[in-house]
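The block underneath contains the structure these notes are about, expressed in structure tokens.
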Amino acid sequence: MKKLSYLLLVIVVFSTSAIAYNKEQVKVVNKFYSHITHKALKKSKFFIKADSVMKMLREGKEFTFLDVRTDGEAAIIKLNGENAVHISIDTLFKAQNLNKLPTNKPLIVVCHSGARAIMAAVGLKEIGFKNVQVLKGGLVSLAIANNPKNAPLQD
């Protein structure tokens, strides 16, 4: 009886690990990520530097900042202006929030340092948003780039 119980336990353990993931979803994810090599990322326009964003602001170019930080973080330091939208990453992929995002102009995703922005941007690209970039280094890099040389002109 002990041998049979042990055998059943072994079968359950190994069969569970054999089916522990969705093989069809693995194909989708592999297709999405397999082209992301160091060389491809180096050439990619997925990331945008803070100096480039400051230049876009100075020149009045149209784009939207998508701030994916938590509500608490955004309450402390908020991106202002008509081109800024705050939707925390935990609610970003709800239909009512996706409908707030423009599809006709660049979308620059930002968080504190860039990690959540990368996750959000990858998800947005995966569901069909085309013109999505991540602010490299997040708000930290934007704060560093915001100097008298780079600051947007004030009227």
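Here the structure is a predicted model, which is why all the values come from computation and not from measurement.
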Seminar exercise, completed: Between the OG1 atom in T64 and the CG atom in N131, the distance rounded to the nearest 0.5 Å is 10.0 Å

Exercise. Are the side chain of H112 and the backbone of G138 linked by a donor-acceptor contact shorter than 3.5 Å?
Worked result: no

Exercise. Okay, side chain of N97, backbone of F93: is any donor-acceptor separation there less than 3.5 Å?
Worked result: no

Exercise. Tell me, do L139 and E73 make a side-chain contact under 4.5 Å, heavy atoms counted?
Worked result: no

Exercise. Which value, rounded to the nearest 0.5 Å, describes the distance between I48 atom CD1 and K136 atom NZ?
Worked result: 12.0 Å

Exercise. If we only count heavy atoms from C-beta on, is the H86 to L79 side-chain gap below 4.5 Å?
Worked result: no

Problem set entry | Sidechain N-carboxylate O distance under 4.0 Å for D51, K49 | no

Exercise. If you measure from CG on N146 to CE on M54, what distance do you get to the nearest 0.5 Å?
Worked result: 4.0 Å

For this session: Compare every heavy atom of G114 with every heavy atom of V134, then report the nearest pair and how far apart it is.
Result: CG1-O, 4.3 Å

Seminar exercise, completed: Scanning both residues in full, the closest heavy-atom pair of K125 with V132 reads CE-O, 3.5 Å

Problem set entry | Exercise: identify the closest heavy-atom pair between A50 and A145 | CB-CB, 3.6 Å

For this session: May I ask you to list the residues sharing a hydrophobic cluster with I77, side-chain cutoff 4.5 Å, ordered by chain and number?
Result: I76

Seminar exercise, completed: When every non-hydrogen atom of L142 is compared with those of F65, the smallest separation belongs to CD2-CZ, 4.0 Å

